[in-house]
Amino acid sequence: MGSSGTSTTGPAGDALAQAQAQATAVARRRNFAIISHPDAGKTTLTEKLLLYGGAIQQAGAVRARGHQRRVTSDWMELEKQRGISITSTVLQFDYGAHTINLLDTPGHQDFSEDTYRTLAAADNAVMLEDAAKGLEPQTRKLFEVCRLRHIPLFTFVNKMDRPGRGPLELVDEIEQELGLLCWPVNWPIGSGDQFRGVIDRRRRQAILFQRGERGRQARELEMDLKDPRLRQLVEADLLQQALEELELLDGAGADLTLEAIHHGQLTPVFFGSAMTNFGVHPFLKTFLKLALPPMARTSSAGQIDPLRSQFSGFIFKLQANMDPRHRDRVAFLRVCSGTFQRDMVAHHARSGKAIRLSRPQKLFGQDRSVVDRAYPGDVIGLNNPGVFAIGDTLYQGQKVEYEGIPCFSPEIFSWLHNPNPSAFKGFRKGVNALREEGAVQVLYDTDPSKRDPILAAVGQLQLEVVQHRLEHDYGASTRLEPLRFTTARWVTGGWPALEAPGRLFNCKTVRDSWNRPVLLFKNSWNLQQLQGDHPELALAAVAPVVSGMEPITL
Ligand code: G4P
C-alpha cells in the first residue's frame with residue numbers, strides 16, 4: 001500500500017471521527033414538544049414516556065419533581081401560590097437506538113407565549129386530546145403555531161378508559177377544523193367502561209386492554225385479529241363496530257406517507273390511556289419511526305444542514321432566577337449544526353462579539369448537569385450575563401443567522417405605571433430585562449408625552465409575574481391600568497402604509513419595541529370592520545421576525 005491513502009490519524013483523523021460521531025448523533029435524535037389543553041394528561045403522558053426511557057424509575061416522579069420545585073423556587077413563589085407550572089425545560093432520555101429530547105412547555109395557558117417560542121425549537125409536535133373533549137381552545141391555538149412552521153404533528157387521543165366521544169367524530173373534527181388529514185395508526189374497540197383495546201391497523205393485530213386495579217397500569221394483551229380467543233374476550237358487537245369503522249377508514253382515508261407527515265399535512269392518530277399506560281409504548285415506538293430527525297434550517301446563509309461541521313444554534317427562551325440561590329439567568333439554545341463543546345468560543349451574530357460558552361448545562365426538569373458535548377436537535381442551557389436575546393444566533397465559521405422567532409398576538413394590554421419616581425432606575429432596568437427575556441411584550445404610545453410602557457401579554461398571569469419580579473428583583477412596585485383591547489395586529493407595510501388610509505376608527509395605534517406600528521382593537525368585530533373599510537391595509541397577527549435591529553428601550 002502506498003502512502004497516498006487517506007490518513008485516519010492526526011487532525012484529519014480527528015475531524016473524520018468527529019464528523020462520524022455527529023452523523024450518528026443526528027441520526028439518533030428525535031425532538032418534540034407536546035401541545036395540549038390543561039388537564040388533557042400532558043404530565044401523565046410525559047411521565048410514562050420517561051419511564052420507558054428509564055429517565056425516571058417510578059410513576060409520580062414528575063409530580064414529585066414539581067413539588068420539590070415549588071420548594072426551591074423563589075420568584076416561582078407565584079407558582080406555589082397558584083399551584084401551576086410556569087417554567088419549561090427539556091427532558092432528554094435514550095430509548096432503544098434513539099436519543100429523545102422532549103421540550104417541556106408550561107402547564108398554564110397564560111404562559112402559552114413561552115410555548116409558542118419553544119415550538120420554534122421543536123422538530124415534531126404531539127397533540128394530546130382528551131377523548132371526551134376533542135379539540136380545545138389551547139390546543140387549537142398551539143396547533144396554529146405548528147402550522148406556521150409546518151411541524152409534523154402526531155395526535156394522541158387520551159383517556160380512552162373513560163366515556164368519550166366517538167373516534168370517527170374526533171378524527172372528523174381534526175380534519176374539518178384544522179384542515180389536517182388523519183391516519184389512525186390504531187383504532188379503539190369500544191370506549192369508557194367498554195373500552196376493550198385497539199386494533200393496530202397496519203399489523204392487523206388486536207391489543208387488548210386489561211384494566212388494572214383502580215387506575216393502575218393496564219395489561220396489554222396482543223393477538224391476531226383471526227385468533228379465536230379474540231371473540232371470547234371481546235363482545236361481538238364492539239369488535240364488529242371497530243372492524244366496520246376500520247373498513248370505512250381504509251376505503252375513504254388518505255395514505256400514510258412520510259412526506260405528508262413531514263410536511264405537516266397528515267397526522268398519525270393514536271388512541272390510548274396515559275394514566276393506565278395503555279397504548280403509550282406502541283405510540284412511542286411508532287412515533288420514533290415516523291418522526292422527523294433534525295433537519296436543515298433556514299438562515300441568512302441559506303439552508304444549514306445539521307451535518308455542517310461548524311457549530312451553530314439559536315436562543316429560543318430566556319429564563320431568570322431558575323435557581324434563586326444563584327440568581328442566575330439561563331438562555332436556552334437549540335443546537336442546529338456541528339458539535340457543541342463546552343468552553344468553545346462562538347460568534348454572537350447580533351453583536352458580532354466572540355463569546356466563550358462556559359458552564360453549559362443540560363436541564364432535566366429542575367436538575368442540571370454540565371454538558372461537554374451537544375448535537376443538532378439538543379437543547380442546552382447557557383449562562384446568560386445579559387448578552388443573549390430571544391432569536392439570537394451563535395455560530396462558528398462562516399456567519400449564519402437563523403430566522404428570528406416571531407412575536408405572537410397578545411390578548412391582554414395594560415399600562416404599567418411606576419408610582420415611585422425614586423425607583424425609576426430599577427423600573428427601567430426591570431422592564432427592559434423582562435422584555436428581552438420574553439416574559440412580556442412591551443408597546444409604547446405614539447404620543448411621546450405618555451412615556452409609561454404598555455404591557456402586552458397572552459395571559460393575565462404573565463402580567464402578574466412581571467409585577468412580582470419588578471418588585472422582588474428590581475425593587476420597583478408598580479401599578480397596572482388595564483386597557484380594554486383584546487386583539488393586536490401588526491401593520492405589514494410599516495408606518496408608510498398607515499399614511500394612505502388616513503384616520504382609522506375604533507382602534508389605537510401604538511409602537512412595538514422595534515418601532516413598528518401595531519393596531520389594538522377592542523374586539524374582533526372592530527378588526528373586521530377596519531379590514532372591510534381598508535382592504536388595502538395588510539395586517540398580520542404574528543409580528544414579522546426582527547433581525548439585525550436593536551429594540552427601543554425604556
Ligand atoms: P395536564 O398535565 O395536561 O394538565 O394533565 P395531567 O397529566 O395532570 O392529567 C390531568 C388529570 O387527568 C389527572 O387527574 C390525571 O390523572 C388524569 N388522566 C391523565 N391521563 C388519563 C387517562 O388516560 N385516563 C384517565 N381516566 N385519567 C387520566 P387528576 O385527578 O387531576 O390528578 P391525579 O389525582 O390523578 O394526580
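For ligands, and for the atoms within them, numbers begin at 1 and follow the listed sequence.
Checking only distances, G272 never comes within under 3.5 Å of ligand 1, N or O to N or O.
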**Report entry** Criterion ring-ring contact (aromatic ring centres under 6.0 Å, His included) on F270 and F156, from CA distance to verdict
**Finding:** CA-CA 5 Å; F270 303 78; F156 189 92; 7.1 Å; no
Report task. Go through the steps for F154 and F32 under the test ring-ring contact (aromatic ring centres under 6.0 Å, His included), then give the verdict. Result -> CA-CA 10 Å; F154 297 78; F32 72 101; 8.6 Å; no
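In this structure, of K159, Q138, R162, M275, the residue bringing a heavy atom nearest to atom 11 (C) of ligand 1 is K159.
Both the backbone and the side chain of D39 come within 4.0 Å of ligand 1, judged by heavy-atom distances. When non-hydrogen atoms are compared, ligand 1 lies under 4.0 Å from the backbone of T43 as well as from its side chain. Counting heavy atoms closer than 4.0 Å to ligand 1, residue P38 contributes backbone atoms (N, CA, C, O) but none from C-beta onward.
Applying the salt bridge (Lys or Arg N to Asp or Glu O under 4.0 Å) rule to D227 yields the partners R229; only residues at least two apart in sequence or on another chain are considered. Here W187 pairs with E245 under the side-chain hydrogen bond (donor to acceptor under 3.5 Å, both in side chains) rule; sequence neighbours left out.
A donor atom on one side chain and an acceptor atom on the other are not found under 3.5 Å apart for T486 and N523.
In the vicinity of D161, heavy-atom distances shorter than 4.0 Å reach the ligand 1 atoms 22 (C), 23 (O), 24 (N), 25 (C), 26 (N). Near K42, with a cut-off below 4.0 Å to any heavy atom, the atoms of ligand 1 are 1 (P), 2 (O), 3 (O), 5 (O), 7 (O). Numbered from 1 in the order shown, with element, the atoms of ligand 1 that lie under 4.0 Å from a heavy atom of S273 read 22 (C), 23 (O), 24 (N).
With values rounded to the nearest 0.5 angstrom, T139 atom OG1 is found 12.5 Å from I34 atom CD1.
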